[in-house]
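Here is the structure we will look at.
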2 protein chains.
Amino acid sequence: MLTISQLAAYAGVTVRAVRHYHQIGLLPEPERDASGYRRYSAGAVVSLIRIRILANAGVPLSQIGQMLEADASTFAAAVEEIDRQLGDEIARLAASRKQIAQLAAGDRLALAPEVTTYLDRLRDIGVSERVVAGERDSWILMSARWPDRVREWMPSKIAQLDDPQLIRLYRILSDIFESDTGDDTLLVEAADILASLADQAYRSGEIDLGEVAQDDLPFDLLDALAVEADPRVKRLLDLMRERGWDGLARLERLAEPST
Amino acid sequence: MLTISQLAAYAGVTVRAVRHYHQIGLLPEPERDASGYRRYSAGAVVSLIRIRILANAGVPLSQIGQMLEADASTFAAAVEEIDRQLGDEIARLAASRKQIAQLAAGDRLALAPEVTTYLDRLRDIGVSERVVAGERDSWILMSARWPDRVREWMPSKIAQLDDPQLIRLYRILSDIFESDTGDDTLLVEAADILASLADQAYRSGEIDLGEVAQDDLPFDLLDALAVEADPRVKRLLDLMRERGWDGLARLERLAEPST
DNA sequence: TGGAGGGTTGACGCAGCGTCAGGGTCAAGC
DNA sequence: GCTTGACCCTGACGCTGCGTCAACCCTCCA
């Protein structure tokens, strides 16, 4: 007759584990001795070992009871099922691991390499960290909504950074948002450039987001994000509206230009 | 301004998850509207997405907060740590999977292939299922105590099954335990054969378990297991004692044989 | 006779939410 | 003005496999 700690030691488990198996009915409660101690027979050792073998193999405790009672074919089917689940779990973790290997620095978080290239190009051009951070957050939102399309768009976005007008625009924006002044002339200039670029794109038919443009929410979010980052963006939106354009992330013609 | 379900949908999580992140302080609680509903800004979407990226990568929620605030090198160190843990977890599961692949049929449960071969040989000889089951449980106990040694012992155990005396012994035991009678003559015959085999082994010095013999508990358990399986084993033990042998799984000389 | 080292039950804690229960709110159609 | 369905709220339990107190009893040895 064994005590609970002897039983546990023999099977290589903790006393607590044995009591847990009793609680969930996996291992039957043995007789008690005069002082209320559990006293185990040799058969209990065998039962416990059999339980642990299945548990070590990754079988949930809730299934072990049935498995130990099952006939050979049922057992085999259960084994197969468990094996499948383990395979799934491993695949999940392996995917996680791949993911995390990608997460080197803060910028890369959530972003395809093409996007980080784009952000680095912005820095090269002299765009301020604050504005780059805004761009980064915008692309995080875009990537969440259209994870696959973003990579397609980047080459042309990067190419556009060669346009002196766009460079000038980004530098002005950097100046605005790095300063604490409410200097309106810079904002007006930015709006002029932006409207000019929009006109060009409109005339050349460049604006073609396809079905993407159907979904307003992401673009509304992007504009809202910009306003949250700096309230002066609200003024910029007003200036754009005066020039016949609505929005910022996605510019929409309000009326035909007055030529 | 977004509702909680809009926020959740955008980030691809459930409403419950968002509330959970609030509870644990991972995502700050937003302002409430007049009726007490949470109202989210665009920035919350970005925060939530960043959280999910780390969570999807297998980072525990409890660490995500710090990671999002950390500088690049701290972040990199944390990533490495997580990667290590994921690797460990995957290794654990892969080991489980290997284990479970071994568990084909009931017999194999916990047993090295050599042992199942031995059990199959017993069946070939005509040993009853009941006795084979007893042998199986015995070897489960042995395997738990000496996982590595068992495989060494099996070849000679299997070889011994060629001994006609041993075959006869097993058949008698099968007869005894398959019947419900208390026929003592069979038990006496079994004891005679067993004692004879023990004498032979003793004289030829075959009995050599080395340091294994030092540990009484497993052998006591084996004997107890046999008695539990069938109380008539107790009588067999008595008969063996009359013949100068103590125990069953490990026979020990009580006194020099009376020649 | 006292203390160490067993044993007992009961209960909380862990991770990351899922899932009720039992309310209140909002927008739309009648 | 009323109903209906879709959301929102908080609070609380459930899941997995035990670890870890707490508070108390039993046994054995010096």
Side-chain angles (χ1 to χ4, degrees), chain A residues 1-27 29-40 44 48-67 81-82 85-86 88-89 92-93 96 217, chain B residues 1-27 29-40 44 48 50-67 81-82 85-86 88-89 92-93 96 99 217:
Chain A
M1 285 290 134
L2 305 169
T3 67
I4 194 168
S5 61
Q6 289 173 315
L7 170 71
Y10 203 98
V13 304
T14 63
V15 170
R16 181 64 181 86
V18 174
R19 288 204 267 249
H20 182 60
Y21 300 154
H22 288 322
Q23 251 185 3
I24 63 177
L26 188 50
L27 191 66
E29 282 274 4
E31 305 281 301
R32 307 296 183 109
D33 67 12
S35 56
Y37 289 14
R38 293 178 179 85
R39 289 295 173 168
Y40 295 91
L48 182 54
I49 290 172
R50 290 165 63 95
I51 288 169
R52 281 314 308 173
I53 286 158
L54 288 173
N56 287 337
V59 180
L61 296 188
S62 56
Q63 293 186 32
I64 290 181
Q66 308 162 28
M67 282 188 71
E81 170 65 10
I82 304 284
Q85 288 176 10
L86 282 177
D88 288 356
E89 182 69 5
R92 240 179 31 75
L93 290 180
S96 289
L217 181 58
Chain B
M1 284 289 127
L2 305 169
T3 67
I4 194 169
S5 62
Q6 291 173 312
L7 170 71
Y10 203 98
V13 304
T14 64
V15 169
R16 181 65 180 88
V18 174
R19 287 204 266 249
H20 183 61
Y21 300 154
H22 288 322
Q23 249 186 1
I24 64 176
L26 188 51
L27 192 65
E29 283 274 5
E31 305 282 302
R32 307 295 182 110
D33 67 12
S35 55
Y37 290 12
R38 293 180 180 86
R39 289 295 175 167
Y40 295 91
L48 182 53
R50 289 163 64 95
I51 287 170
R52 282 314 308 174
I53 285 158
L54 288 173
N56 287 337
V59 180
L61 295 187
S62 55
Q63 293 185 33
I64 290 181
Q66 308 162 29
M67 282 187 73
E81 170 66 10
I82 305 283
Q85 287 175 11
L86 281 178
D88 289 355
E89 183 68 5
R92 241 179 29 76
L93 290 179
S96 289
Q99 292 265 351
L217 180 57

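As the structure is a prediction and not an experimental result, all values here were calculated from the model. Protein chains get the first letters and strands the later ones, always in sequence-line order, with residue 1 at the start of each.
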Inset, instruction - Can you figure out which of C:dC17, C:dT8, D:dC7 approaches the side chain of B:Tyr21 most closely? - result: C:dC17
Legend entry - Length of the CD1-P vector between A:Ile24 and D:dG17, whole Å: 7 Å
Legend entry - Flag side-chain contact, heavy atom, 4.5 Å: A:Leu2 against A:Tyr10: no
Legend entry - Between P of C:dG6 and CG of A:Asp33, the distance in whole Å: 16 Å
Inset, instruction - With the side chain of A:Ile4 defined as its heavy atoms from C-beta on, choose the nearest nucleotide among D:dC18, C:dC26, C:dG7. - result: C:dG7
Legend entry - Rounded interatomic separation in angstrom, taking CD from B:Gln63 and C1' from C:dC14: 14 Å
Inset, instruction - Starting at atom CZ of B:Arg16, determine the distance to atom C1' of D:dC9, rounded to an integer number of angstrom. - result: 13 Å
Inset, instruction - Grab the two heavy atoms, one from B:Ile64 and one from B:Ala55, that are nearest each other, plus how far apart they are. - result: CD1-N, 3.6 Å
Inset, instruction - Please determine if a side-chain N or O atom of B:Arg19 lies less than 4.0 Å away from the OP1 or OP2 oxygen of D:dT10. - result: no
Legend entry - Distance in angstrom units between B:Glu31 CD and D:dC8 P, rounded: 18 Å
Legend entry - B:Arg38 side-chain N/O to D:dT10 phosphate OP1/OP2 under 4.0 Å: yes
Inset, instruction - Kindly point out which of D:dC18, C:dC26, D:dT10 is positioned nearest to the side chain of B:Arg32? - result: D:dT10
Legend entry - Under-4.0 Å side-chain N/O to phosphate OP1/OP2 contact, A:Thr14 with D:dG19: yes
Legend entry - Selected nucleotide, minimal atom distance to A:Ser5 side chain, candidates C:dG16, C:dT8, C:dG7: C:dG7
Legend entry - Out of D:dC18, D:dC8, C:dG16, whichever nucleotide has its closest atom nearest the side chain of B:Thr3: D:dC8
Legend entry - Atom pair CG/CG of A:Leu7 and A:Leu27 - distance to nearest 0.5 Å: 7.0 Å
Legend entry - d(NE2, B:His20; C1', C:dT19) in whole Å: 15 Å
Legend entry - Distance, rounded to the nearest Å, where A:Gln23 contributes CD and C:dC12 contributes C1': 13 Å
Inset, instruction - Could you tell me whether the phosphate oxygens of C:dA15, OP1 or OP2, come under 4.0 Å of any side-chain nitrogen or oxygen in B:Ser62? - result: no
Legend entry - Minimum-distance nucleotide to B:Val15 side chain [options: D:dC8, D:dG19, C:dG7]: D:dC8
Legend entry - Per B:Tyr37 side chain, nearest of listed nucleotides D:dC18, D:dC26, C:dT25: C:dT25
Inset, instruction - Map B:Ala55 and B:Ser35 onto DNA chain C by nearest heavy atom, then report which one ends up closer to the 5' terminus. - result: B:Ala55
Inset, instruction - With heavy atoms under 4.0 Å as the rule, sort B:Arg39 into base, sugar-phosphate or nothing. - result: nothing
Inset, instruction - Would you mind reporting whether A:Arg92 and A:Asp88 have side-chain heavy atoms less than 4.5 Å apart? - result: no
Legend entry - Over all atoms of both residues, closest heavy-atom pair of B:Val18 and B:Ala8: CG2-CB, 4.0 Å
